Protein chains: 2
Amino acid sequence: MTSLSKPDPGTSARPTMRQVAELAGVAVKTVSRVINGEPNVAPATARRVLDAARSLDYQPDLHAGNLRRSDRRTRTLGLLVSSVDNPFAGAVHRAIEDAAVGRGVAVFASSLDDDPDREREAVAAFLRRRVDGLILTTASANQAYLEPELRRGTPIVFIDREPSGVEADSVASDNFGGAARAAEHLLARGHRRFAYLGDLHSIQTARERRRGFLDTLGGNGIPVDDVPAIQDLHDPERARQALLRLLDGPNPPTAVFSSQNRVTVGALHALRQRGHHRDTALVGFDDVELADLLEPGVTVVAQHPEDIGRIAAERVFAKLDGDASPPQRVVVSTTLITRGSGEIPPPAV
Amino acid sequence: MTSLSKPDPGTSARPTMRQVAELAGVAVKTVSRVINGEPNVAPATARRVLDAARSLDYQPDLHAGNLRRSDRRTRTLGLLVSSVDNPFAGAVHRAIEDAAVGRGVAVFASSLDDDPDREREAVAAFLRRRVDGLILTTASANQAYLEPELRRGTPIVFIDREPSGVEADSVASDNFGGAARAAEHLLARGHRRFAYLGDLHSIQTARERRRGFLDTLGGNGIPVDDVPAIQDLHDPERARQALLRLLDGPNPPTAVFSSQNRVTVGALHALRQRGHHRDTALVGFDDVELADLLEPGVTVVAQHPEDIGRIAAERVFAKLDGDASPPQRVVVSTTLITRGSGEIPPPAV
DNA sequence: TCAGGCTTTGACAACGATGTCACGATTTGG
DNA sequence: CCAAATCGTGACATCGTTGTCAAAGCCTGA
């Protein structure tokens, strides 16, 4: 009993302005005017059009309109982070979204896993979809490839890491300062044997934190060459193993600085595993959930991802609104939160 | 010395296929063929076109092409969650993205804060951008408004919460079973005085967890009406306050079940604040980072957000590939992870 | 009453791409 | 060596919408 010549009866075609116009007995242009709230439409006509649109469940095609519209705005924004399931990225993402909804802007998100190739692909994927702006946690050493896009006026704001090889806005934490603060904090407790656990050396932010930590130690009479500075720790597991090796080694550190939230989690596991969580100091860069409930609580240099996200979005929208000011580097300060782990003194000799 | 009549010299226009065609000395259709890897283009021509495209930094406009293309696919997908900075949502998001990249599909994400109005707006925003499919953590009691869109063949997959008022695919945890398991676990330790800390009653998932927990208690001779079942706890702070009130009350629970990760975090704070973290049992639904490092470790009914996300994305893509099977409700099992807090016995009387 | 203005409406081209089709050039096979 | 098939290319219409412009209808005031 099913019809053979017709298309699947359970399927209906998506209505266009044309069907709405036909149903309402007006021209498509009039539908366009009503949908876009343009003036000079008779109230009775507007009502007929809206009724027709509602009864067909009409949704205008934003991209088709955009093709002809003069402002050429897709009301879409692209966000690129290391991974959308990293809590830092999640908080940044949320702040961006909050700034965007009010403007009717939708947000694309993409995880790069700190892979430069993936970055190129993801950026291209967004540009082919004509995003109005990009907010980028770059994974590459040089972003000169963005030069032509910037010249076209597309706002691109770097977050967490500053641009290289290209002039663009950026919003990032005070990485050097925060790491220096951690070093000072540990030095003040009398520590002399440190360890640095860092993320990929290819990441500008990771290098800044390393420099902030080690320079401050060096400036305070610690022979920096003797400080084990393990890098390229990108996940908790590798961080855990790296710290285990140090703890099992000949000259275990009495104070550890972990440069990133995943690394901090790994370090916590290693300390606990060796039973050193109460006698080895730890300061982490970037806060971790439940850090306050651990025993001891985890002392961290907290970042402010909500501020970073909000400011980055504001920069993008300002540029879209015509702000032609030169690129700025916004630095968001960090906050040292003392909870216990960073205040553990070195063992009495 | 700046030119007055010309547009900002630092700004260049975005090239279209036309400029590429002109530069390469061919027709736009030939450029189209090369860009899309269609056959029957002379190698020498293809090379000229690619050179021209590269030198102009040409990026095809996906949406313009999509307008005319027969498959009408934007290679875009919309994800709606309660908040992109919730770890559960982050893990789901990541899994979806991983399934999508290989197909060249970009992912929109939107936070609904469990607000039904926001859901309608966000869904409309995505549909106006012609996403190929939706993955939705619904915030509304009834999703009949999606009926026309489903009839048009748009794949819509519900995650975490099952649809109501509409027939659609869903992928969710075994909420009833997981909560029942938590109840059994606590009953087996001999507890008789329980408390249930739940999320918004408007959320189907929250009701299921409540039912799973309370029904199991009831089935084991606990007078359910006496069990304080606090609902509508949507953030850690409210959960903390609610549990504090119970702990300070006349008949404090010896075992607590928290139905969601934010609520678990609040409950942990309350227990710690009153010094009851070592004598009051706690089982949480959904895992929490660092739960294993707390003392005691936090026993949880873990969900598998990666599986939920992956399966949801696979369902969407299967439908896009022509799968016409009727809507299914996929249930993903949960895993009880015992870490200490759930194994605390009731105090000896 | 009628010129001049404003309001309301629609015809048509255009946006950037692709599907269709047709045409000339080249290759193939008998 | 020629008919037929194949290859390489481009002209043109079209997708769903909005900008431009013109025209018809209505009011206003002298």
Side-chain angles (χ1 to χ4, degrees), chain A residues 13-50 52-53 56-76 104 124 127-132 152, chain B residues 13-50 52-53 56-76 104 124 127-132 152:
Chain A
R14 186 183 301 283
T16 70
M17 267 194 183
R18 216 162 72 80
Q19 359 286 4
V20 177
E22 277 165 16
L23 184 58
V26 297
V28 289
K29 177 70 228 201
T30 298
V31 177
S32 168
R33 274 191 268 257
V34 174
I35 296 291
N36 291 88
E38 284 176 38
N40 296 334
V41 176
T45 310
R47 209 173 315 115
R48 281 211 324 283
V49 168
L50 288 174
L56 295 174
D57 191 51
Y58 171 71
Q59 298 274 7
D61 184 327
L62 221 68
H63 294 301
N66 183 53
L67 200 54
R68 188 58 168 86
R69 209 190 318 277
S70 40
D71 68 355
R72 267 19 253 309
R73 293 280 161 79
T74 53
R75 299 187 161 280
T76 290
L127 292 178
R128 283 196 294 264
R129 288 174 178 80
R130 297 293 185 264
V131 295
D132 295 334
R152 277 173 210 128
Chain B
R14 188 183 299 283
T16 70
M17 264 192 186
R18 217 163 71 79
Q19 358 287 5
V20 176
E22 278 166 14
L23 185 57
V26 298
V28 288
K29 178 70 226 199
T30 299
V31 176
S32 169
R33 275 191 268 257
V34 174
I35 297 290
N36 291 89
E38 284 176 40
N40 296 334
V41 176
T45 311
R47 209 172 317 115
R48 279 210 326 281
V49 169
L50 288 175
L56 294 175
D57 192 50
Y58 171 71
Q59 298 275 6
D61 183 326
L62 221 67
H63 295 301
N66 182 53
L67 201 53
R68 187 59 168 84
R69 209 191 318 276
S70 40
D71 67 355
R72 270 15 257 309
R73 293 280 162 77
T74 53
R75 299 187 162 279
T76 289
L127 291 178
R128 284 196 293 264
R129 288 174 177 81
R130 297 291 186 265
V131 295
D132 295 333
R152 277 174 211 128

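Owing to the predicted nature of the structure, the values given are computational and were not obtained by experimental measurement. Lettering of chains follows the sequences in order, A, B, ..., and the numbering in each one begins at 1.
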Please name all residues satisfying salt bridge (charged side-chain N to carboxylate O under 4.0 Å, His left out) with [X], sequence neighbours left out, ordered by chain then number.
X: Asp57(B); result: Arg152(A)
X: Arg14(A); result: Glu149(B)
X: Arg69(B); result: Asp71(B)
X: Arg130(A); result: Asp61(B)

List, with names and distances, any nitrogen or oxygen atoms from the protein found under 3.5 Å away from nitrogen or oxygen atoms belonging to nucleotides 22-27 of chain D.
none

Sequence-distant partners of Arg128(B), side-chain hydrogen bond (donor to acceptor under 3.5 Å, both in side chains), two or more places apart: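 Listed in chain order: nothing, the list is empty.
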
Residue-level proximity of residues 30-40 of chain A to DNA chain C when a heavy atom falls under 4.0 Å: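 Hits under 4.0 Å, by residue number: Thr30(A), Arg33(A), Asn40(A).
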
Residue met sooner reading DNA chain C from 5', once Asp71(B) and Ala64(B) are mapped to nucleotides: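 That would be Ala64(B).
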
Donor-acceptor pair, side chain of Arg129(B) and main chain of Arg75(A), under 3.5 angstrom: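 Looks like yes, one N/O pair under 3.5 Å.
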
Min side-chain heavy-atom separation Val31(A)-Val26(A) under 4.5 Å: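 Yes, side chains in contact.
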
Covered region of DNA chain C, 5' end to 3' end, by chain B [heavy atoms, under 4.0 Å]: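 Result: dG16(C) to dT20(C).
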
Phosphate OP1/OP2 of dT17(D): any Tyr58(A) side-chain N/O under 4.0 Å: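 Yes, because at least one side-chain N or O of Tyr58(A) sits under 4.0 Å from OP1 or OP2 of dT17(D).
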
Strand contacts (DNA chain D) in residues 13-22 of chain B, 4.0 angstrom heavy-atom criterion: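 Contacting residues: none.
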
Candidates dG10(D), dT9(D), dT18(D) - which lies nearest the side chain of Val28(A):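 From the listed options, dT18(D) comes nearest.
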
Nucleotide nearest Arg68(B) when distance is taken to its side chain, options dT9(D), dT14(D), dG19(D):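 Nucleotide nearest to Arg68(B)'s side chain: dT14(D).
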
Rounded (10°) bend between the five-pair end axes of the helix from dT1(C)-dA30(D) to dG30(C)-dC1(D):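 Taking five pairs per end, the axes differ by 40°.
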
Name each donor-acceptor pair under 3.5 Å that joins a side chain in residues 18-25 of chain A to protein atoms two or more places apart or in another chain, with its distance.
residue, atom, partner, partner atom, Å
Arg18(A), NH1, Glu22(A), OE2, 3.1
Gln19(A), NE2, Thr16(A), OG1, 3.3

Heavy-atom closest pair, residues Gln59(B) and Leu127(A):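 Reported closest heavy-atom pair: NE2-CD1, 4.2 Å.
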
Within residues 33-48 of chain A or reaching into it, pairs that qualify as salt bridge (Lys or Arg N to Asp or Glu O under 4.0 Å) - sequence neighbours excluded: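 Residue pairs with at least one partner in residues 33-48 of chain A: there are none.
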
